[in-house]
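I have placed the structure first, in the form of structure tokens, so that the comments after it can refer back to it.
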There are 2 protein chains.
Amino acid sequence: MTESDTGCLNLRWAAALLAGLTAGGVSSLVLSPGSRSTPLVIAAQRSTGLALIPILDERSAGFFALGAARAANRPVALLATSGSAPAHWYPAVVEASESGVPLVLLSADRPPTLRGFGANQTIDQTRLFGAFAREAHDPGLPRVDQAALAAIAALGRRAAAVAAGPRPGPVQINLPFEEPLVPAGDCTEAVPAGVTASAIPRGWAEDGAAGSSLTPIALPPGRGLVVVGPGRFGAELPAALRHAAHRLALPVLADPLSGLRFGPAADAVLCNYDALLRNADAARALRPDWVLRFGGAPVSKVLGQWLAGIPALLVDPAGGWRDPEHGVLRRLVAEPASVCAALSPGGAPDTAWATRWRQADQKVGALAETHLNAAPWCEAQVIRTLLAHLPAGEALLCANSLPIRQLDAWSGTRTEPLRLHGNRGASGIDGQLSTLAGLNHAARAGEGPPCWALLGDLSAVHDLSGWLLAEHLRRPVVVINNAGGRIFDYLPQHGLPDFARLWRTPVAPDFGRLAGTFGFVHRRISGADALAQALDAATAAETSSPARRPLLEVCIDAHASRSVHRGLWDAVAAMSL
Amino acid sequence: MTESDTGCLNLRWAAALLAGLTAGGVSSLVLSPGSRSTPLVIAAQRSTGLALIPILDERSAGFFALGAARAANRPVALLATSGSAPAHWYPAVVEASESGVPLVLLSADRPPTLRGFGANQTIDQTRLFGAFAREAHDPGLPRVDQAALAAIAALGRRAAAVAAGPRPGPVQINLPFEEPLVPAGDCTEAVPAGVTASAIPRGWAEDGAAGSSLTPIALPPGRGLVVVGPGRFGAELPAALRHAAHRLALPVLADPLSGLRFGPAADAVLCNYDALLRNADAARALRPDWVLRFGGAPVSKVLGQWLAGIPALLVDPAGGWRDPEHGVLRRLVAEPASVCAALSPGGAPDTAWATRWRQADQKVGALAETHLNAAPWCEAQVIRTLLAHLPAGEALLCANSLPIRQLDAWSGTRTEPLRLHGNRGASGIDGQLSTLAGLNHAARAGEGPPCWALLGDLSAVHDLSGWLLAEHLRRPVVVINNAGGRIFDYLPQHGLPDFARLWRTPVAPDFGRLAGTFGFVHRRISGADALAQALDAATAAETSSPARRPLLEVCIDAHASRSVHRGLWDAVAAMSL
């Protein structure tokens, strides 16, 4: 390189940054097309061990990276050109921040001397994501003295580490480049030794991620309850929690996104509380004196409201304080499995209390089973059929709004493992198909199992760009088509003037044509047997022709479905427990 | 209403805010479905004179509002529910801020006591748009004492006025509501008198929007040049500018987005400078001593670079300082038409200088004409055919990246008026179809003419949600399909390894299937005659069957097109001028 080859200077700076990122554990770069980002793209091409995934729409790219990072549990990098391009990441950045998913946001930029001067595709990208980035760096224009290259490589390592934890989330690095963006000469020099980070020694885990044994945690006297909300907990939790629950006679309520309902801990947790607590006698009799909470706020609104006013100890390894009912007295930043081992009883274990909870939960479960067997085709049967037929060890992404609530209410438990994913940080209906593509991309790289999806018709249409990512999918997509946002049917807005147009907002796409346009094989399904057959056939076909990408459109009469759901609630409310 | 009817309290607060907004000139509310936004939706339904436009995808809604406000030149309101929903507005907010389009962003929110506590769909929405909002307000939970209602109505009037100018742009009002969101009782009480703003007296224009005569502005001695960049100038500018140009013998270079190339000032402006200035002799001989600039930075990169180092006076009524070449010595915040009238000559008008510019420009124009007549089917001919056939008085939205540059280079001038729109604030390829829908929505309301579009294949696919807005369109969409981001063919990235996958990124959708899926009538076109016929047929059909919504896919061989373009540049460079 000559001193005057700005393109080579840009490339070496970019290469040093990427060396730091890869040393920090980043192995995927999701990039959207652009000119200003060129030095980073060339450096990424030359980098070893960095998979490049081009995605046109930056919003879709953002959710793709979110899915990939969620599955792999380590940072994924995003790259976009300057201007409004990185602003499209914002919804995915919000979700990543709220649900603690590690992302490194590389926003290419024009030189700082152009900011505020109306230059083409030039906006103020510093701190573009406000409070939703854990850190935002703006290291300025490239320099190639040894110290500068060491600094930008260190920033890469740091960004990856900060994104990874202890409070995982997005980190932005804004990277201005001067033209020319392409090296004039060969520019083959490697990043100088001493700049390329030596491999990070094993055992040098990310800050705070090291497990540690805790001093005993004394539980209060009286009746206790464990509530495990959404969270990405360690693999040791199921065994540790089952052991503690048995030892201390504690009932454990497990949110569907806790990772406990579907797998080896299934018999140790209760899952019918959303219906059960609609029985006033039960809600009173089963009220504990204190609650031990793990992770995020549960999906069930009934459970959340019932928890209000009950003193709680919140355990969150990421230091979150997710307590919308304001019952948390203290928060413990610690690994839940370690906490389970450290719990010390506040009195003699009250096995009658635990038994009462279990019996009530089982009674509701049995009633739901009977109720459903006599019901017409409805969302609950979609959930049951799906959970009965998804292969053991695979994953499912469940969309927000009504699908996750239906799943929460009707899933039951299963001992065959199933990894359930959901974007419950901001709980939007956005970005689902793109997230799914990212989850499956990670699976292809051996990080997590292949992933199915359960979407609503609105969430499927909200993320139309996600349909362009069909090639990344490895499992069928199930779309419940109930003609719009049917969660509003359960809310007081139902029946307001112009309700359908202003709240339910059916978009009524022709899913058959949509599927054909974007390379899916469409099948319209109505009925449990047809769904079961389609799921089994899809599972069998995956090994033979993985490029088929089925889209199973499950048509539902929303009114009938709501009647089934309400019927169960009424029956539970009338039960004697 | 009873004191305890929170739903009614919410509604009255929302109604007072909307009364203020409508008094301030807002007449359209673009809303995306949600629960927390319910009080504002009900209030909007009851408001008189507020059109409600529901759009599922908030990103698309944002660009739709941008288009509608751009056409109407007054603020349009956006409404979304809490969580990641308003974050989808970000790209449109960035564009609105950079290009000075008035928007009022109403983000519904959960109560502030839930912020940071992990509640469902609750994120910190305060100052969500950072530096891109002119103001961001967070007036807290609803109150219904007379003073509070007067305050929120005043905030509505203020938000509309601040968004409108003198520096138009987005204003955010974050609006938390407690449940219940729907009134329990009738809640029919109107907003109390004294709260509903009395109509704003005519003549009380927005701050700074009043025209005024200026003291004389002395021009420097020597040769001057006027450069009019993109801008939304007043209707008086063409006549005022033509008069000044003649009086002072000033050549006027008009960007395609200046509003001057197509209409009554067409014969007073020059438009072939992008090719002309590639001739080194001309670039030297035509260099002025000073420049008078209006509005934003021109599309032409060649012009911009040539302007570097020439002292400039920038006139921008919105107080922008758009000067990427850093040649501006002073900025004048004033109406361009008034400035034209106030210009006083620095010496005797140099008519030879103006004539030399005009002759050189005409010579290049004639050469381009000859060159094109002998050329194969190319983008330049698309531009020429389009401009020859678009009906007088209508509008055209031109996408960024290659389409606007082709239009800049090849448009020539026409005296039949044509209003050209382009999102040149951040110059992204995003949101084009949604912007187009908003422009046509405004046209339907009598604010601006119906609008055609010229898009590239990538910009058409980047905004897939925009395809769902077909019903709002009133004129055909022309998509140049040249298989990806062909602007990169003109940049040094061309030919890098894996160029197509990582820069050009053809998405290769089947536009016929896309069109069919979303309700367009698709026609594939190759050749000037076929395009001319299709445009004429579409124009004729608009009055008879406006629901047909043609999508004209114009297929282009990008390599041939680039050869034509380069051929002209070479010919101009070799000219003796």
Side-chain angles (χ1 to χ4, degrees), chain A residues 33 35 38 41 45 52 54 56-57 59 83-85 87-88 90-91 94-95 98 114 116-121 123-124 127 130-131 180-182 296-297 320-324 326 426-428 430 458 461-462 464-465 468 485 491-493 496-498 501-503 505 507 510 513-514 516-517, chain B residues 33 35 38 41 45 52 54 56-57 59 83-85 87-88 90-91 94-95 98 114 116-121 123-124 127 130-131 180-182 296-297 320-324 326 426-428 430 458 461-462 464-465 468 485 491-493 496-498 501-503 505 507 510 513-514 516-517:
Chain A
S35 174
T38 293
V41 180
Q45 287 181 290
L52 305 193
L56 173 65
D57 177 350
R59 179 172 74 175
S84 57
H88 289 266
Y90 207 12
V94 166
E95 175 62 30
E98 299 295 320
L114 288 180
F117 278 95
N120 193 37
Q121 292 186 338
I123 67 169
D124 183 357
R127 293 179 175 68
L181 301 164
V182 176
W321 196 299
R322 290 174 287 179
D323 173 36
H326 301 131
S427 302
D430 44 3
L458 280 198
V461 176
H462 197 284
L464 276 177
S465 299
L468 288 170
L491 299 178
Q493 286 88 341
L496 286 177
D498 222 3
R501 188 173 78 100
L502 298 177
W503 282 273
T505 62
V507 175
D510 180 329
R513 295 187 86 156
L514 262 184
T517 302
Chain B
S35 176
T38 292
V41 179
Q45 287 181 292
L52 306 193
L56 173 64
D57 177 351
R59 179 172 74 174
S84 57
H88 289 267
Y90 206 14
V94 165
E95 175 61 30
E98 298 296 322
L114 288 181
F117 279 96
N120 193 37
Q121 292 185 339
I123 67 168
D124 184 356
R127 294 177 175 69
L181 302 165
V182 177
W321 197 299
R322 288 173 289 177
D323 172 34
H326 302 131
S427 302
D430 45 3
L458 279 199
V461 176
H462 197 286
L464 276 177
S465 300
L468 288 170
L491 298 179
Q493 287 86 346
L496 287 177
D498 222 2
R501 188 174 77 101
L502 298 178
W503 281 273
T505 62
V507 175
D510 180 330
R513 295 186 88 155
L514 261 184
T517 302

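Computed from heavy atoms alone, side chains included, the values below leave out hydrogens, waters and symmetry copies.
B:Leu514 touches chain A through backbone and side chain together, each having a heavy atom under 4.5 Å away. With a 4.5 angstrom heavy-atom cutoff, B:Gln493 touches chain A via backbone and side-chain atoms both. For A:Thr38, the parts lying near chain B are the backbone and the side chain together; criterion is any non-hydrogen pair under 4.5 Å. Residue A:Leu491 touches chain B through its side chain alone, counting heavy-atom pairs closer than 4.5 Å. The parts of A:Gln121 that come within reach of chain B are both its backbone and its side chain, each placing non-hydrogen atoms under 4.5 angstrom from that chain. Proximity to chain B is limited to the side chain of A:Leu496, based on heavy atoms less than 4.5 angstrom apart. Interface remark: A:Pro497 contributes backbone and side-chain atoms alike to the contact with chain B (heavy atom separation under 4.5 Å).
Of the listed residues B:Val461, B:Asp430, B:Asp510, the one with more heavy-atom pairs under 4.5 angstrom with chain A than any other is B:Asp430. Note: B:Asp323 leads B:Leu181, B:Val94, B:Asp323 in heavy-atom pairs under 4.5 Å with chain A. Listed options B:Glu98, B:His88, B:Glu95, B:Gln45 were ranked by heavy-atom pairs under 4.5 angstrom with chain A; first place goes to B:His88. Taking chain A as the reference chain and counting heavy-atom pairs below 4.5 Å, the highest number among B:Gly83, B:Pro492, B:Gly320, B:Ala85 is found for B:Pro492. With chain A as the partner, the residue from B:Gly428, B:Pro91, B:Ala119 showing the most heavy-atom pairs under 4.5 Å is B:Pro91. Listed options B:Leu114, B:Val507, B:Thr505, B:Leu56 were ranked by heavy-atom pairs under 4.5 angstrom with chain A; first place goes to B:Leu56. Chain B forms the most heavy-atom pairs under 4.5 Å with one residue out of A:His326, A:Arg59, A:Arg501, A:Arg127, and that residue is A:Arg59.
Applying the side-chain hydrogen bond (donor to acceptor under 3.5 Å, both in side chains) criterion to A:Asn120, with sequence neighbours excluded, gives B:Arg424, B:Ser427.
With values rounded to the nearest 0.5 angstrom, B:Asp57 atom CG is found 11.0 Å from A:Leu458 atom CG.
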